[in-house]
Amino acid sequence: MDVPLALPFATLVVVLLLSSGPIAAEVDGTAVLGEAVLTLDAGNFSEVVAKHEFIVVEFYAPWCGHCKELAPEYEKAASMLRKRDPPVVLAKVDAYDESNKELKDKYKVHGYPAIKIIRKGGSDVSAYGGPRDAEGIVEYLTRQVGPASLEIRSAVDASRSIGDKGVVLVGVFPEFAGIEYENFMAVANKMRTDYDFFHTSDASILPRGDLTVKGPLLRLFKPFDELFVDSQDFDDDAIKKFIEVSGFPTVVTFDADPTNHKFIERYYSTPSAKAMLFLRFSDDRVETFKSQMHEAARQLSGNNISFLIGDVSTADRAFEYFGLKESDVPLLLVLASTGKYLNPTMEPDQLIPWMKQYIYGNLTPYVKSEPIPKVNDQPVKVVVADNIDEIVFNSGKNVLLEFYAPWCGHCRKLAPILEEVAVSLHDDDDVVIAKMDGTANDIPTDFAVEGYPALYFYSSSGGDLLMYDGQRTAEEIISFIKKNRGAKAAAVEVTQTDAVEEEVTSSTPSGSIQDEL
C-alpha cells in the first residue's frame, strides 16, 4: 500500500523557536510564596486565576532546557512587574506533573515553555508573543495591561513607536469617535498580543505614506515587502483580514529575531506546501538567494506554496526535526502532501528551475528511514519507515505501534511498560508490540502523530487505525488490545519471488511535540 507521510506542523514552532525577593503575604496565600513568580498547580490554579483581572502563566517542564533558560529572566521580570501599580502577576505550572494534566490539556499546552496571558478571571486566554528576556517581558506585558491602542501625538512619538521591527497598525481618524474608531479599537483589543496598535488624528507625523489624509484610514507599517499598506475598510472582519494578509511576509525569515516567531508559527500552521531554503546567512550569496526566493514566490504564487528562508545557525532544531545535515547547505526542502523533496548544495540560479520541476511532478520524493534491523527478536519489535507495511499493515496480526523520540522522558517511562505488555502477550502469535523512532523515520499520514509517545493499534481484521489514549499501564493496554483485536487469521504468506516492493511516498517526519519538546 502507498503510505503518504504526515505534515504535522501545528506545534512545530514550539520545537524550533524555542532578582527576586519575598512576596507579600497578602498576595494569594494559596500559592507557593518566597519568590516573585507564583507556583500554581491543579489545587490552587482556579482560585488564584479567578482573583486576577490579568495574570501570566508559564507552563513548563523541569527537564526543559528552554524553560531553564527562561526561569531567571521570568523571575526577574516578575520581581519588576509586581512593583507596578497595579501589579502584574507572573505564575508558573509544572505541566509535566501528571496531577496538572487537566490544566495542560485545558490550556492546549503542546510544548515547553508555553506562556499564556489570562484575562478576566480566566475567561479570556491568549498566547504570549513577546521576548524572553526580563526587560522585553516587562515592556511587552506593560503594553498588554494598558490601553489596546496608544495615541501618537508627535513625530517623535511616531518615530519611537514605528520602528523597523515588527508590524505596527496606525489608525488615522479626524476624531476619536464613530463606528470606524470603535471597530478599530475592538480589533486592537483582540489582536494586541500579536501586533502593536496606535491611533492619531494627524497623518503628517507618520514616517511613510500619504501625509495629507484625514481618515478614517488604517495604515499598516512593516519591515518587509512594500513597507506600508493602507486600507479604508473598517468592518471588523475586513480589518482582521487586512492585518493577517498585509502583515505577513512573502518570504518568512527563520532567524533569532523574536519578532519573526509569530510569522514562523503561522507559516507552519498554514495548509500549504512548504518551500524552505536553509543556508548560512554569512554566505556571501545570501542576498542573491533571498532575491531568488522572492522571485520564486512571485512566479509560483498560484500553486499554494509558502516560502521560508532560514539561517542554519538558528535552525539547528529544524535540521534535527527534518533529518537534514548541515553539510548539505545551501539546501532547498519542499514538504507537501505528496512527499518530501530535497535539493542539497544548490546554487542560486538553480532555485526557480528546480521549484518548477517540483510543480510539474518531475521530482522523486525522499523517504527517511533507519536501516531495517537484521535481527528483530526482542519482545518489542523495531519498525522503520521501510518495513512498516510488512510489520503493521500486511502481517495479518494485531499490532500495537508506539511512536517515540529517544530524548522523550514520557517515552522512557513507557518503555518498560510496553516491554511488560509484550512479554505478557509473547505466546499470542497474533499480537505484535512494536515501536518506531519518529525522529529518525518519516511517519505515514495514517498516523496523526502530534506528540510523543503516540500509540496506535491496527487490527488483524484491518479497518481503521485506533489511537490509544488510555492510562499508560500494562493492564489497561492489554485490556485495550484484547477488546479491539481481530479474529484469529493466518498471516499473509509472502515469498521472496512473489514479494512486491511497495513505494513509500515521503513527507515530513512527525514530531510536533505534545507530551514534551
Side-chain angles (χ1 to χ4, degrees), residues 9-14 16-18 54-59 70 77 88 90 107-111 113-120 123-133 136-150 152 161-171 183-199 218-225 227-229 231 233-271 306 308:
F9 297 130
T11 58
L12 171 60
V13 66
V14 182
L16 306 181
L17 302 175
L18 108 80
F54 185 98
I55 185 172
V56 182
V57 181
E58 176 207 3
F59 293 86
L70 174 64
V88 175
L90 270 57
Y107 288 93
K108 299 178 181 179
V109 175
H110 300 300
I115 306 175
K116 307 291 183 178
I117 296 175
I118 305 176
R119 294 181 170 91
K120 302 176 182 178
S123 62
D124 183 353
V125 181
S126 58
Y128 173 88
R132 299 291 178 92
D133 63 284
I137 293 171
V138 170
E139 181 180 359
Y140 179 86
L141 292 178
T142 299
R143 283 292 314 276
Q144 295 304 309
V145 295
S149 176
L150 300 178
I152 296 177
S161 303
I162 307 167
D164 59 356
K165 296 288 184 181
V167 175
V168 175
L169 285 303
V170 179
N183 286 352
F184 170 80
M185 294 299 290
V187 172
N189 194 54
K190 293 176 183 177
M191 303 183 74
R192 62 188 300 172
T193 56
D194 290 322
Y195 303 95
D196 290 334
F197 289 82
F198 299 91
H199 54 276
L218 179 59
R219 181 163 295 167
L220 183 148
F221 294 91
K222 52 185 176 179
F224 47 80
D225 299 340
L227 301 183
F228 79 92
V229 188
S231 173
D233 190 340
F234 279 86
D235 175 78
D236 276 22
D237 291 336
I239 296 175
K240 294 174 188 175
K241 185 174 182 180
F242 168 70
I243 295 171
E244 290 171 353
V245 173
S246 299
F248 192 76
T250 303
V251 178
V252 173
T253 299
F254 191 144
D255 58 12
D257 187 346
T259 60
N260 287 326
H261 290 179
K262 62 176 174 285
F263 301 134
I264 298 171
E265 181 176 4
R266 180 175 162 191
Y267 175 86
Y268 283 113
S269 63
T270 300
S306 300
L308 175 147

Does the side chain of K222 reach to within under 4.5 Å of the side chain of V229, using non-hydrogen atoms?
-> yes
Minimum heavy-atom separation for E58 to L70, with atom names?
-> OE2-CD2, 3.7 Å
Do P131 and E139 touch side chain to side chain, with heavy atoms closer than 4.5 Å?
-> no
Would you mind reporting whether F242 and V187 have side-chain heavy atoms less than 4.5 Å apart?
-> no
Go through V167 and F248 one step at a time and tell me if the side-chain contact (heavy atoms from CB on, under 4.5 Å) criterion holds.
-> CA-CA 9 Å; V167 175; F248 192 76; over 6 Å; no
Look up atom CD1 in I55 and atom CD1 in I118, then write down how far apart they are to the nearest 0.5 Å.
-> 6.5 Å
Could you grab the distance from atom CG of L227 to atom CG of L220, nearest 0.5 Å is fine?
-> 11.0 Å
Nearest-0.5 Å distance that lies between atom OG in S231 and atom CG in L218 = 6.0 Å
Does R143 make a cation-pi contact with F198 (under 6.0 Å, within 45 degrees of the axis)?
-> yes
N260 and F254, any side-chain heavy atoms less than 4.5 Å apart | no
So, does Y140 use its side chain to make a donor-acceptor pair with the main chain of T193 at under 3.5 Å?
-> yes
Could you walk me through whether F54 and I117 pass side-chain contact (heavy atoms from CB on, under 4.5 Å), step by step?
-> CA-CA 7 Å; F54 185 98; I117 296 175; 3.5 Å; yes
Under 3.5 Å, is there a donor-acceptor pair between the T250 and D225 side chains?
-> yes
State, yes or no, whether a side-chain contact exists between I152 and I162 at a heavy-atom distance under 4.5 Å.
-> yes
Test item: T253 and Y267 side chains (from C-beta on) under 4.5 Å apart, heavy atoms = no
Enter the distance from E265:CD to T270:OG1 here, rounded to the nearest 0.5 Å.
-> 10.0 Å
Should the ring pair F221 and F228 be called parallel, tilted or perpendicular, given that the plane angle runs from 0 to 90° and is split at 30 and 60?
-> tilted
How long is the gap from CE on M191 to CD on E244, to the nearest 0.5 Å?
-> 5.0 Å
State, with a plain yes or no, whether a side-chain heavy atom of D237 is found less than 4.5 Å away from one of K240.
-> yes
Does the N189 side chain pair with the main chain of A148, one donor and one acceptor, at a distance under 3.5 Å?
-> no
Do the side chains of I239 and F234 get nearer than 4.5 Å, heavy atoms only?
-> yes
Shortest non-hydrogen contact between P249 and F263, atoms and distance = CD-CD2, 3.7 Å
